[in-house]
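Everything numeric here is computed off the predicted structure, so don't read it as measured data.
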Amino acid sequence: MLKSKTFLKKTRAGGVIKIVHEHYLRDDIGCGAPGCAACGGAHEGPVLEPHPLDLASSLCPQPHYLLPDTNVLLHQIDVLEDPAIRNVIVLQTVLQEVRNRSAPVYKRIRDVTNNQEKHFYTFTNEHHRETYVEQKEGENSNDRNDRAIRVAAKWYNEHLKKISAENQLQVIFITNDRKNKEKAIEEGIPAFTCEEYVKSLTANPELIDRLACLSEEENKIESGKIIFSEHLPLSKLQQGIKSGTYLQGTFRASRENYLEATVWVHGDAEENKEIILQGLKNLNRAIHEDIVAVELLPKNQWVAPSSVVLHDEGQNEDDAEKEEETERILKTAVNEKMLRPTGRVVGIIKRNWRPYCGMLSKSDIKESRRHLFTPADKRIPRIRIETRQASALEGHRIIVAIDGWPRNSRYPNGHFVKNLGEVGDKETETEVLLLEHDVPHQPFSQAVLSFLPKMPWSITEKDMKNREDLRHLCVCSVDPPGCTDIDDALHCRVLENGNLEVGVHIADVSHFIRPGNALDQESARRGTTVYLCEKRIDMVPELLSSNLCSLRCNVDRLLLHMLKLK
């Protein structure tokens, strides 16, 4: 079935062209449930399990699949990545929205869908005859997408009834949008918020710690005192930057002083390339690497970089007087001849948060669920999290993600993501080192490994056709003894005229890695092989780095080129 839309577009030259968008609909797209006779039962890649009984939910005790909306995927990806969460239907509508809004989350969800043990199924609802919906007149794209998700959820529940009337499978719609949930329930679709569903999993209470706190009420804390000024909306920030009232730049927190930071201004202006910020209120909840808008203060309020070393000792919400006293010390301990342009953060243009490694600072209050997390990176503020496993996490390296930073909170709020292991353990500390320096070190995926040559491999006549045979030369490696990834070597010989010829030999990796495939993209992402004290993180799979592209003794290998110096 073909649907088409026709548009008329005016060109720069004043002409009019007709544009036709064609949209093909099919009725042979699989639902992902194995053995489904209604849609052919043939599915490529990972599929849903026939009897999803792993999760014991008090809200939906019968076997069920999960169908999350876009915001759940964007904000609760840590929950979805947990091994306990399986059999999830990811709609094409949702995946496209995630791709447009967050490239990192999109990559993470693609990795999950490629993991066959997770049983995540991508359903192309936008090309299915019974689940495609057209945008109504006056309906915005967000409302249309919400409706498309509900239509797909309802279709799934009706479709699964055809598989087994006895063992009734359900599709549970997971959404944090109150109106969307209400509409789903009105349409007969089982729907819960992510928090409601996770809290119903009685056998997996640890999942509650991984929930992101998103609503304003959840982000509020007991103290009602406003500490920070409100961030201006993006529209006002853009107007202010355009008019020159505000400056846009990258927020760089100090390692030595938690009350001081600088903003590296973007743009062509030569003056005021760096603006200094001092004091908690002027930092205004910005976090290292955020893109912020700053307002320059009058010259009589400019300050100089402080030489005082200050580390956050975990102040309470009510310790404002102590904080102000510390800031006064900052201002008195400066050289007035070194005043620099000073400003304050008025808004956040783009948050660049990431998961942070660190340790839990357990609360002194007995049986308290709220604790402070101290990041390994001193440029990141402490993060308040709620956890029921504080005793088990104490003395361990953990990963925490930030959810938000309310105006009345001294610290940002976050949630627990992962326990890396005990402090001081070699493997744990190595993992922290790699994560904090953003070194890709996950095992190569099956998609990447599929582009490796089949073994046993040997050089063919076709390979030799356009190559020079150098096997008669005496070639030596410049790598140390015991090295397995020997990718360069040298030779030296005396020529007939008495000159010396020096040749440099490089392993031909390009013979095995074709431009644009998954192996090429992953190698480009890694960029280099990373060497640690007792291990290395390969840029390419071991079959290439330590075998086929390693210039081993008395083994035929392909070279990229030979540079001769005479």
Residues that Tyr156 engages under ring pair (Phe, Tyr, Trp, His ring centres under 6.0 Å), provided they are two or more places apart: Phe123
statement: Across all chains, not counting sequence neighbours, the ring pair (Phe, Tyr, Trp, His ring centres under 6.0 Å) partners of Phe228 are Trp405
query: With sequence neighbours left out, what residues match Lys181 under side-chain hydrogen bond (donor to acceptor under 3.5 Å, both in side chains)?
result: Glu196
- request: With sequence neighbours left out, write down each residue that passes salt bridge (Lys or Arg N to Asp or Glu O under 4.0 Å) with Asp82, or none if nothing qualifies.
  value: Arg210
- prompt: Going by atom types alone, do Asn125 and Thr93 pair a side-chain donor with an acceptor below 3.5 Å?
  reply: yes
task: Answer yes or no: is there an ion pair linking Arg354 with Asp377, defined by an N-O contact shorter than 4.0 Å?
output: yes
- request: Go through the structure and list residues passing salt bridge (Lys or Arg N to Asp or Glu O under 4.0 Å) with Asp69, not counting sequence neighbours.
  value: none
- line: For Arg147, the salt bridge (Lys or Arg N to Asp or Glu O under 4.0 Å) test, sequence neighbours excluded, returns Glu139
query: Glu289: what forms a side-chain hydrogen bond (donor to acceptor under 3.5 Å, both in side chains) with it, not counting sequence neighbours?
result: Arg252
task: Identify, with sequence neighbours excluded, every residue that meets ring pair (Phe, Tyr, Trp, His ring centres under 6.0 Å) alongside His231.
output: none
Pairs flagged by salt bridge (charged side-chain N to carboxylate O under 4.0 Å, His left out) wherever residues 94-105 is involved - sequence neighbours left out: none
message: Please enumerate all residues that pass side chain to side chain contact (heavy atoms under 4.5 Å, CB included) together with Lys350, with sequence neighbours excluded.
response: Ile291, Asn352
message: Please enumerate all residues that pass salt bridge (Lys or Arg N to Asp or Glu O under 4.0 Å) together with Glu187, with sequence neighbours excluded.
response: Arg150
message: Taking the basic N atoms (NZ, or NE/NH1/NH2) and the acidic carboxylate oxygens, is any pair closer than 4.0 Å for Asp177 and Lys183?
response: no
query: Quick one: side chain to side chain donor-acceptor pair (under 3.5 Å) pairs with a partner in residues 516-526, sequence neighbours left out?
result: Glu522-Arg525, Glu522-Arg526
